[in-house]
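All residue numbers in this chain count up from 1 along the given sequence. Quick caveat, the model's predicted, so the values are computed rather than measured.
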Amino acid sequence: MMKPGVRVVLAAAMLSSEFSQAIRAEPTIIEARTIARGAKFLGGFQAPVRITLTDADTGEVLARGQTQGTTGDTQRIMGRGAAGEQRMATEDSAVFRAILDLDRPRRITISASGPLSQPQAATTVTSTQWILPGRDLTAGDGWLLEMPGLIVDVAAPTAYQQVKAGTSIGLRAGVTMLCGCPISQEGPWRAADTEVEAYVTRDGAAPQRISLTFDPEASEFVAGISDLRPGLYEVEFRAWVQSSNNTGVARTAFFVR
């Protein structure tokens with residue numbers, strides 16, 4: 001005959017086993033996407049956007065990786081909401097997918113940093129929400145984060161270029177949306193809505209403010225400085241689109257001898 005104490009131990013073990021099975025972790029899929037404010041998804045395959053999923057209460061890193069894919073379908077994205085369309089992403093749109101084994105609801109923070117290929121324009125956005133075990137976050141565009149900004153890329157002058165005194169130099173900057181979508185005269189992202197200025201200092205003096213105009217053939221914003229005097233010139237390009245509150249900055253410097 002089994003002793004009473006043994007029965008209690010066996011019963012407790014059975015209950016513990018049943019409880020462990022009841023709270024077994026469930027795989028939960030999270031799809032994360034980043035979209036440029038006023039434009040398309042931030043795509044790429046080598047240096048796109050870094051995604052980190054963290055437990056908001058403990059700080060534990062649950063998943064980390066990069067988005068992979070294209071910037072998506074322009075017409076579908078820019079016509080968002082039209083004809084009742086709720087999903088902007090297509091099958092090839094850039095996404096980061098993670099499968100988390102969750103045994104309880106967890107309050108998760110997502111952090112997105114990029115575009116990694118353009119460090120002068122890189123930004124970071126975060127969001128926090130509860131995630132339930134077995135309840136995938138994949139409907140619509142998944143966990144969608146909007147990233148503000150513009151990519152400003154200096155085309156001229158090159159860094160620490162040597163220029164002869166008394167001559168002139170061109171100021172040229174490429175400006176695109178954060179997804180790399182081009183700014184043009186007639187496209188969805190119009191040059192007429194984009195203000196680009198250069199702030200030029202010589203040997204640390206007060207800056208000279210120069211407005212740049214759009215060159216449609218080169219798809220760049222351009223201006224020039226003439227009758228240069230000797231010194232170290234530092235140039236800060238600033239771009240601004242008022243309608244979307246997007247901003248971008250890039251810097252360079254050159255010497256006049």
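Between the side chain of N246 and the main chain of G149, a donor-acceptor pair closer than 3.5 Å is present. The backbone N or O of P148 sits nowhere less than 3.5 Å from a side-chain atom of R37 that would complete a donor-acceptor pair. Using a distance-only test at 3.5 Å, with no hydrogens or angles considered, a donor-acceptor pair links the side chain of D55 to the main chain of D57. When atom types are taken as modelled, the side chain of S184 and the backbone of G187 share a donor-acceptor pair closer than 3.5 angstrom. Judged by distance alone, the side chain of D141 and the main-chain N or O of L144 form no donor-acceptor pair under 3.5 Å. Judged by distance alone, the side chain of Q120 and the main-chain N or O of V152 form a donor-acceptor pair under 3.5 Å. A donor-acceptor pair under 3.5 Å links the side-chain atoms of Q161 to the main chain of T158, judged by distance alone. Checked by atom type and distance alone, the side chain of W143 never pairs as donor or acceptor with a backbone atom of S127 at under 3.5 Å. No donor-acceptor pair under 3.5 Å is formed between the side chain of T213 and the backbone N or O of S211. Under a 3.5 Å cut-off, the side chain of T70 and the backbone N or O of G72 do form a donor-acceptor pair.
V249 and L150 fall into different hydrophobic clusters, defined by Ile, Leu, Val, Met, Phe, Trp and Tyr side-chain heavy atoms under 4.5 Å apart, directly or through other members. Follow the hydrophobic side-chain contacts under 4.5 Å out from L171 and you never reach Y199; the two are in separate clusters. L116 is not connected to V125 by any chain of hydrophobic side-chain contacts under 4.5 Å among Ile, Leu, Val, Met, Phe, Trp and Tyr, and they are in different clusters. No chain of hydrophobic side-chain contacts below 4.5 Å, direct or via other Ile, Leu, Val, Met, Phe, Trp or Tyr residues, connects V222 to V163. No continuous path of hydrophobic side-chain contacts links W240 to I183 [ILVMFWY only; heavy atoms under 4.5 Å].
In this structure, F254 has its ring center at least 6.0 angstrom away from the ring center of Y160.
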Could you check T90 against R76 for side-chain contact (heavy atoms from CB on, under 4.5 Å), going step by step and ending with a plain yes or no?
CA-CA 9 Å; T90 50; R76 187 184 184 99; 3.7 Å; yes

Going through the distances and angles, do K40 and T74 end up as a side-chain contact (heavy atoms from CB on, under 4.5 Å)?
CA-CA 7 Å; K40 300 170 64 178; T74 302; 2.8 Å; yes

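Contact between D215 and R172 at its shortest, heavy atoms only, is OD2-NH2, 3.1 Å.
Residues forming a side chain to side chain contact (heavy atoms under 4.5 Å, CB included) with V95 (at least two apart in sequence, or on another chain): E31, R33, R97.
Residue-environment remark: CD (Q162) exceeds the threshold of 12 foreign heavy atoms within 6.0 Å. The neighbour count for R50 CZ, taken as heavy atoms of other residues, nucleotides or ligands under 6.0 Å away, does not exceed 12.
Side-chain contact between L42 and T71 is absent, with no heavy atoms from C-beta onward closer than 4.5 Å. I30 has its side chain within reach of L53: a pair of non-hydrogen atoms, C-beta onward, lies under 4.5 Å apart.
Side-chain N/O atoms of S113 and T124 include a donor and acceptor closer than 3.5 Å.
Here I99 is tied into one hydrophobic group with I29, each link being a pair of ILVMFWY side chains closer than 4.5 Å.
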